[in-house]
Asks: 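For reference, the structure I am asking about is given below.
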2 protein chains.
Amino acid sequence: MPPTDAPRGRTGRPPVTSRADILVAARRLIDRDGWEKLTVRRLAAEMGIGATTLYHHVRDKEDLLLLLLNEYADRIPRPPAAGEPRERIVAGWVAIHDTLGAWPWAAEVLTVDGFLTGLGDSALVQVEAILAAAAEHGCSQEEAVDLFRNIWYFTVGEILVRARSGGARGADERRDGFLAGIDAAALPRLAAIGDRWPGLSARDTYPDAVRAFVDGLLAQAEGRS
Amino acid sequence: MPPTDAPRGRTGRPPVTSRADILVAARRLIDRDGWEKLTVRRLAAEMGIGATTLYHHVRDKEDLLLLLLNEYADRIPRPPAAGEPRERIVAGWVAIHDTLGAWPWAAEVLTVDGFLTGLGDSALVQVEAILAAAAEHGCSQEEAVDLFRNIWYFTVGEILVRARSGGARGADERRDGFLAGIDAAALPRLAAIGDRWPGLSARDTYPDAVRAFVDGLLAQAEGRS
DNA sequence: AGTTGTTTTGGAACATGTTCCGAAAGTAGC
DNA sequence: GCTACTTTCGGAACATGTTCCAAAACAACT
């Protein structure tokens, strides 16, 4: 792995590319051909270099996506420092959710090990804002971290599940008859819902849910003190 | 895809295996060598058949894992029908969470398209119990589905993120210095937490979090009516 | 027995991410 | 110019899930 900076009197074979070049090319490829086309070999071909050369500048593909995500993270609107803490928390999460949801490829890296430790400053600002708001509301450090973690889990799950819920082909491709095969005697509630389930599940209720979660967690924290 | 049942006067080349055989072999392979060793070729070799033959009995690997999951779902303790609805909801989710968390390979299929429609009856019983408890508490059908969906997202996210948080190697492999590189002036809360973050994140707070989420969602539903 | 039709099998092939390791392309010292 | 050292490059190779399609193995019918 070549050093990020460029020391003067260097020795050895000169690099043909850099991490920055790779990120630019990856971004261009995504914008032009779609993010599914971002493969290691295609990216290397786009740059006119060998595929394995990429691995001398980037740990692996997950790392590449994480670096891309950090660049995009600048687009998340800067969280306001004023206002009621509870509302700031909700607004911060909605902003994070909307931004992540807009990049389908983000779903690939949300669960990587040490995700938070791989974030850059512009992304950590969002974390900081939520932690600060929680503290301002009276949460202890521990409670603030728990609040962040739990809503992070929720957000990740929401994005991942929805990202894989195929839009065009419909959800009933795997096994048709979600309503047909149900035993109405043993499972009355599910049978009653029947084919309304896909429609109900397709609605976006994230903001309401986050508010409910925040309310519940803050109430729990208050009850403990 | 050969029919699941075995009609008598059949024609054509006789199958060398069946979906049931495959599931048995897969289970044996997982128990013996670990779930990471469950690959299509290895499973086929274990059964003494060609790798591609498997695809005539199972749609794909995700489908195979989903079928396995349905078999294991029988082990989730049957939810009690009595007791306070709120407590039944929490207990139901904790049971689901603990069961799924015990099978690392379950994480691979939690987000597949149409996950719920691929579940068998023994798994749907758990869903039914939660919906029934929510209704008993006064939720409308819509609110009950939302409650289930949202806590499902949370549960999926929790399991996925934790499943990939490498236990042995530690979380600081990707980029060490979670505390070192932080700008204490711009990110005071994060800097204050510093290296306490991994320890705080490692704690299992799922039951408390689910209770908080349930409380928040039920309160929101009551506020609407 | 031979032909026809039907169903299943499985080897070859493909695209993917990734690792290995020998070769290339520089600088430093002589 | 020559050698030694250092750093990067990139083709070959591997394991993975998956698709294609020609052949195999059976039943039914003549």
Side-chain angles (χ1 to χ4, degrees), chain A residues 1-22 25-26 29-30 33-68 105 108-109 112-113 164 173-174, chain B residues 1-22 25-26 29-30 33-68 105 108-109 112-113 164 173-174:
Chain A
M1 192 93 55
T4 52
D5 51 355
R8 282 300 153 196
R10 272 192 64 268
T11 174
R13 182 173 179 172
V16 296
T17 185
S18 66
R19 180 175 289 189
D21 286 345
I22 293 174
L29 210 162
I30 289 179
D33 301 340
W35 80 275
E36 308 92 349
K37 301 294 183 182
L38 179 65
T39 70
V40 175
R41 283 178 179 79
R42 193 183 289 260
L43 176 57
E46 168 96 6
M47 305 179 65
I49 65 177
T52 60
T53 301
L54 290 174
Y55 286 86
H56 293 96
H57 300 271
V58 162
R59 181 194 294 261
D60 51 24
K61 197 184 177 185
E62 274 188 351
D63 198 36
L64 170 62
L65 292 177
L66 208 54
L67 292 170
L68 276 178
W105 49 268
E108 305 283 295
V109 279
V112 303
D113 192 16
R164 307 225 185 179
E173 185 163 319
R174 190 160 289 273
Chain B
M1 190 95 52
T4 53
D5 51 356
R8 284 298 153 196
R10 274 193 61 269
T11 173
R13 181 173 180 171
V16 296
T17 186
S18 66
R19 181 175 287 188
D21 286 345
I22 293 174
L29 211 162
I30 289 180
D33 301 340
W35 80 276
E36 308 93 348
K37 301 293 183 182
L38 178 67
T39 70
V40 175
R41 283 178 179 78
R42 192 183 289 260
L43 176 57
E46 168 96 5
M47 305 179 66
I49 64 177
T52 61
T53 302
L54 290 174
Y55 286 86
H56 293 96
H57 301 270
V58 162
R59 181 195 293 261
D60 50 23
K61 197 184 176 183
E62 274 188 350
D63 198 35
L64 170 63
L65 292 177
L66 208 53
L67 292 170
L68 276 178
W105 49 268
E108 305 283 296
V109 279
V112 303
D113 194 14
R164 308 226 185 178
E173 186 162 317
R174 190 161 288 274

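Because only heavy atoms are used, hydrogens play no part in the values below, and waters and symmetry mates are left out as well, while side chains stay in. Naming: A, B, ... by sequence-line order, numbering from 1 per chain.
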Asks: Mind jotting down which residue pairs meet the side-chain hydrogen bond (donor to acceptor under 3.5 Å, both in side chains) criterion with at least one end in residues 42-55 of chain B? Sequence neighbours excluded, please.
Replies: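 For residues 42-55 of chain B, and leaving out neighbouring residues, the side-chain hydrogen bond (donor to acceptor under 3.5 Å, both in side chains) pairs sorted by first residue read Arg28(B)-Glu46(B), Arg32(B)-Glu46(B).
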Asks: Given atom CG of Leu38(A) and atom P of dA15(C), what is their separation to the nearest angstrom?
Replies: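 The answer, rounded to whole Å, is 17 Å.
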Asks: Just how far, in rounded Å, is P of dG17(D) from CH2 of Trp105(B)?
Replies: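 That distance rounds to 15 Å.
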Asks: Rounded to the nearest 0.5 Å, how far does CE of Met47(B) lie from CG of Leu29(B)?
Replies: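 Going from the CG atom of Leu29(B) to the CE atom of Met47(B) covers 10.5 Å.
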Asks: Locate the shortest heavy-atom distance separating Arg164(B) from Glu62(A); write the atom from each residue and the value.
Replies: NH1-OE2, 4.2 Å
Asks: Considering the options Leu43(A), Leu65(A), Asp63(A), Leu66(A), which one meets the side chain to side chain contact (heavy atoms under 4.5 Å, CB included) requirement together with Val58(A)?
Replies: Asp63(A)
Asks: Between the axis at one end of the helix from dA1(C)-dT30(D) to dC30(C)-dG1(D) and the axis at the other (five pairs apiece), what's the angle to 10 degrees?
Replies: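 Comparing the first five pairs with the last five, the axes sit 40° apart.
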Asks: Give the rounded distance in Å between these two atoms: CZ of Arg42(A) and P of dA15(C).
Replies: 10 Å
Asks: So do Leu68(B) and Val109(B) actually touch side chain to side chain, heavy atoms under 4.5 Å?
Replies: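 No, too far: nothing below the 4.5 Å cut-off.
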Asks: Both Gly50(A) and Thr39(B) contact DNA chain D. Taking the nearest nucleotide for each, which residue is further toward the 5' end?
Replies: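 Nearer the 5' end of the strand: Gly50(A).
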Asks: Quickly work out the Ile22(A) CD1 to dG17(C) P distance and round it to whole Å.
Replies: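 Atom-to-atom, Ile22(A) to dG17(C), this comes out as 14 Å.
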Asks: Are Pro15(B) and His56(B) close enough that some pair of their side-chain heavy atoms sits under 4.5 Å apart?
Replies: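 When only atoms from C-beta onward are counted, His56(B) and Pro15(B) do not touch, as no gap falls below 4.5 Å.
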Asks: Under 4.0 Å, heavy atoms only, any strand: does Thr53(B) hit a base, just the sugar-phosphate, or nothing?
Replies: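 Base, at least one base atom sits under 4.0 Å.
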Asks: Indicate whether OP1 or OP2 belonging to dT8(D) is found under 4.0 Å from a side-chain N or O atom of His57(A).
Replies: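 So the side-chain polar atoms of His57(A) never come under 4.0 Å of the phosphate oxygens OP1 or OP2 of dT8(D).
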Asks: Treating primed atoms plus P, OP1 and OP2 as sugar-phosphate and everything else as base, which nucleotides of nucleotides 18-26 of chain C get B, S or - for protein heavy atoms under 4.0 Å?
Replies: BB----BBB
Asks: Expressed in angstrom and rounded to an integer, what is the separation of Asp21(B) atom CG from dT9(C) atom P?
Replies: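 One finds 11 Å between P of dT9(C) and CG of Asp21(B), rounded.
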Asks: Output yes when a side-chain donor or acceptor of Arg41(B) lies under 3.5 Å from a complementary backbone atom of Ala51(B), and no otherwise.
Replies: no
Asks: Would you mind reading off the distance between Leu54(A) atom CG and dG10(D) atom P, rounded to a whole angstrom?
Replies: 10 Å
Asks: Taking CG from Leu64(B) and P from dT16(D), how many angstroms apart are they, rounded to a whole number?
Replies: 15 Å
Asks: Leu65(B) CG to dG17(D) C1': how many Å, rounded?
Replies: 12 Å
Asks: For Leu38(A) and Trp105(A), run side-chain contact (heavy atoms from CB on, under 4.5 Å): C-alpha distance rounded to whole Å, both residues' side-chain angles, the deciding distance at 0.1 Å, then the answer.
Replies: CA-CA 10 Å; Leu38(A) 179 65; Trp105(A) 49 268; over 6 Å; no
Asks: Over all strands shown, is Ser18(B) touching base, sugar-phosphate only, or nothing at heavy-atom distances under 4.0 angstrom?
Replies: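 Since no nucleic acid heavy atom lies under 4.0 Å of Ser18(B), the category is nothing.
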Asks: If we check side chain to side chain contact (heavy atoms under 4.5 Å, CB included) with Leu54(A), which of these qualifies: Asp60(A), Thr17(A), Ile22(A)?
Replies: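 Exactly one pass, corresponding to Ile22(A).
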